[in-house]
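Below is one structure; the comments refer to it alone.
Proteins get letters first, then strands, A, B, ... in listed order; numbering begins at 1 in each. What's counted below: heavy atoms across the whole structure, side chains too, no hydrogens, waters or symmetry copies.
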Number of protein chains: 2
Amino acid sequence: MSDQNQASLRKDTKRRQIVLAAFKLFTENGFYATGVDLIMRQSQVSKRTMYIYFPTKNDLIVAVLEFYRAGYENKLNAVLTRQDLSSREKILVIFDDAKNGFANGHFHGCLAVNAMGEFAGKDPAIETACRVFKTWELSIFEELTKELPVRHPQDLAFKLLVLIEGLGAIAQVMKQPCPIDLDQMVNALIDEHY
Amino acid sequence: MSDQNQASLRKDTKRRQIVLAAFKLFTENGFYATGVDLIMRQSQVSKRTMYIYFPTKNDLIVAVLEFYRAGYENKLNAVLTRQDLSSREKILVIFDDAKNGFANGHFHGCLAVNAMGEFAGKDPAIETACRVFKTWELSIFEELTKELPVRHPQDLAFKLLVLIEGLGAIAQVMKQPCPIDLDQMVNALIDEHY
DNA sequence: CCGCAAGTAAACAATTTGGTTTACTTATTT
DNA sequence: AAATAAGTAAACCAAATTGTTTACTTGCGG
């Protein structure tokens, strides 16, 4: 391993500390409400260092949104590759996993949606990061529905995205367990496209 | 009309000005990002007056959320009582109306969801106002599904709420026209409960 | 062992925030 | 015409905001 790699490893460590602390604080307390001073204290990093990696707070927010997406991707990969599942089963597993995430009471909604609520029309880079997140989410469903013998798999994927999004938003506000049978609803949605 | 009524009419005018300006600014720029000074300038009201009606900014936010709900209620009443519609048609009209609202490109998402994103775990009164909004939304669907000869009308109402919520969240982030046939999807959702 | 990149701590600047207070001006009603 | 409720304009406050800068320390590689 070359010096440069070691150096960038050190850099990445600090960067990671910052992004991780910021991610936690942003999800729990919101973006505007979280000051950079607190982030720097929680991440054990000096302000100078912070502003070397992230010249502005919004740069950090963009990085956090990408971190959020990557984390979700890893989680999905872990869940989906665990067993040998059919495409339909994979879709059901995604919803089952989401339902669990929504139910724990400390769920704070989709970070990309929250960011959009605070920065829509104000910071194009953040808006883009939010859109990238949702586009990626949609592509996950599209990959799966296209493996299914259904008509209009893209439409089906969009419906699934709508469903998971709606469940998340309601969970965020209501903090009540979801009263409906998700498996049944998802299966019905899929069956309709056969 | 007594003095007191006239007086409270004047009061209500100022109050309304404040709430209306705040509503606009909050929806367009977010809650934390909108300062009270701007609100007071836009509403043509002195700061003193503002703080007589709303001792804290959060009090104003709660009032704005209720204003938002009442406005939605009026809009729905106007749309639903215009013609003699069946319950199923009324549900379809709600989604049609929502789709139009989401499509105009200046849609900023559900204000209650956005507020939850910024104030969850911080201000109980605001949290309650958000939950009241969603509970009311659900009750609208429940009223309609209960007039339908379906099994489990409450579950159906919840599914419809999930659907409209998901469409809103996606519209807020993606700013693309909804690619799916909503009438078909809603009808399928209802038919499944027959 | 020296030099350099990476990092720290803390002071500093400029602005903005929510909120208070004071002195003054309208209107309306009786 | 006088009393009163409602409102205004603006100064003021303490705290917090993002962002900059300075002087100092650490640790690793050639």
Rounded to the nearest angstrom, tell me the gap between atom [atom1] in [X] and atom [atom2] in [N].
{"X": "B:L38", "N": "C:dT17", "atom1": "CG", "atom2": "P", "answer": "8 Å"}
{"X": "B:L60", "N": "C:dG18", "atom1": "CG", "atom2": "C1'", "answer": "12 Å"}
{"X": "B:K14", "N": "C:dT26", "atom1": "NZ", "atom2": "P", "answer": "14 Å"}
{"X": "B:Y51", "N": "D:dC13", "atom1": "OH", "atom2": "C1'", "answer": "13 Å"}
{"X": "B:M50", "N": "D:dA6", "atom1": "CE", "atom2": "P", "answer": "18 Å"}
{"X": "A:I52", "N": "C:dA5", "atom1": "CD1", "atom2": "P", "answer": "12 Å"}
{"X": "A:I39", "N": "D:dT18", "atom1": "CD1", "atom2": "P", "answer": "8 Å"}
{"X": "A:F54", "N": "C:dG7", "atom1": "CZ", "atom2": "P", "answer": "12 Å"}

For [X], which residues count as a side-chain contact (heavy atoms from CB on, under 4.5 Å) partner, sequence neighbours excluded?
{"X": "B:L80", "answer": "B:K90, B:V93, B:I94"}
{"X": "A:Q176", "answer": "A:M174"}
{"X": "A:T128", "answer": "A:V132"}

- Using a heavy-atom cut-off of under 4.0 Å over every strand shown, decide if A:Q17 touches base, sugar-phosphate, or nothing. nothing

- Selection: residues 115-126 of chain A, any non-hydrogen atom under 4.0 Å of DNA chain C: none

- Distance test, side-chain N/O of A:Y53 to OP1/OP2 of C:dA6, below 4.0 Å: no

Below 3.5 Å, can you tabulate the donor-acceptor pairs from side chains in residues 101-118 of chain A to any protein atom, sequence neighbours excluded?
residue : atom : partner : partner atom : Å
A:N104  : OD1  : A:H106  : N            : 2.8
A:N104  : OD1  : A:F107  : N            : 3.2
A:H108  : ND1  : A:H106  : O            : 2.6
A:N114  : OD1  : A:Q172  : NE2          : 3.3
A:N114  : ND2  : A:H108  : O            : 2.9
A:E118  : OE1  : A:Y32   : N            : 3.2
A:E118  : OE2  : A:F31   : N            : 3.0

Residues two or more places apart in sequence or in another chain: which of them pass salt bridge (Lys or Arg N to Asp or Glu O under 4.0 Å) with [X]?
{"X": "A:D183", "answer": "none"}
{"X": "A:R69", "answer": "A:E66, A:E73"}
{"X": "A:K75", "answer": "A:D97"}

- Task: Report the C-alpha distance between B:F54 and B:V36 in whole Å, list the side-chain angles of each, state the deciding distance to 0.1 Å, and finish with yes or no for side-chain contact (heavy atoms from CB on, under 4.5 Å).
- Result: CA-CA 11 Å; B:F54 306 103; B:V36 292; over 6 Å; no

- Task: Identify which nucleotide among C:dG7, D:dG7, D:dT18 has an atom closest to any side-chain atom of B:T49, counting heavy atoms from C-beta outward.
- Result: D:dG7

- Task: For B:E142 and B:T145, test the side chains for any donor-to-acceptor distance below 3.5 angstrom and give the result as yes or no.
- Result: no

- Of A:R41 and A:P55, whose closest DNA chain D nucleotide lies nearer the 5' terminus? A:R41

Counting only pairs under 3.5 Å, give me each side-chain donor-acceptor contact of residues 152-166 of chain B, with atom names and distances, residues two or more places apart or in other chains.
residue : atom : partner : partner atom : Å
B:K159  : NZ   : A:Q184  : OE1          : 3.3
B:K159  : NZ   : B:H193  : NE2          : 3.0
B:E165  : OE2  : B:K134  : NZ           : 2.9

- Query: Can we say A:D191 and A:R88 salt-bridge, meaning some charged N sits less than 4.0 Å from an Asp/Glu carboxylate O?
  - Reply: yes

Table please: side-chain donor-acceptor pairs of residues 17-30 of chain B below 3.5 Å, with sequence neighbours left out.
residue : atom : partner : partner atom : Å
B:T27   : OG1  : B:F23   : O            : 3.1
B:T27   : OG1  : B:K24   : O            : 2.9

- Could you write nucleotides 9-14 of chain C as a row of B, S and -, 5' to 3', where a protein heavy atom under 4.0 Å of any base atom gives B, of only sugar-phosphate atoms gives S, and otherwise -? B-----

- Message: Does anything in residues 28-36 of chain A come within less than 4.0 Å of DNA chain D? Heavy atoms only, and list the residues if so.
- Response: A:T34, A:G35, A:V36

